[in-house]
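See structure below.
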Amino acid sequence: MDTFLEFTREVLKGIVRAISAYYFKRTFLEQKKTTPRRRKVKGGSRHK
């Protein structure tokens, strides 16, 4: 029983480590610079 608890503890540690590495990579290492977008011109004159 003791070895089973150690095994599950190690598996959970690995899962938590993998998830935290994924979020760290996503938030800090993969920051894409977005290009500033022009605002759409609303209104204007309509030709009749």
Side-chain angles (χ1 to χ4, degrees):
M1 186 71 180
D2 195 29
T3 57
F4 177 72
L5 290 177
E6 288 182 27
F7 177 72
T8 53
R9 188 176 295 141
E10 292 297 321
V11 168
L12 288 175
K13 270 192 212 175
I15 292 172
V16 168
R17 192 173 293 151
I19 291 172
S20 62
Y22 169 75
Y23 279 110
F24 176 79
K25 186 174 84 170
R26 196 177 90 182
T27 54
F28 293 111
L29 301 180
E30 292 184 356
Q31 289 181 346
K32 296 177 182 173
K33 293 184 179 179
T34 59
T35 58
R37 304 203 184 273
R38 280 184 51 195
R39 296 180 70 193
K40 291 185 178 177
V41 179
K42 293 184 179 179
S45 62
R46 293 187 179 178
H47 297 277
K48 290 185 178 181

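Here the structure is a predicted model, which is why all the values come from computation and not from measurement. Just so it is clear, the values below take in all heavy atoms, side chains as well, and ignore hydrogens, waters and symmetry mates.
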Do V16 and I19 belong to the same hydrophobic cluster, where Ile, Leu, Val, Met, Phe, Trp and Tyr are linked whenever their side-chain heavy atoms lie under 4.5 Å apart, directly or via other members? no

Are I15 and F7 linked, directly or through other ILVMFWY residues, by side chains that come within less than 4.5 angstrom of each other? yes

E10 and K13 ion-paired at < 4.0 Å: yes

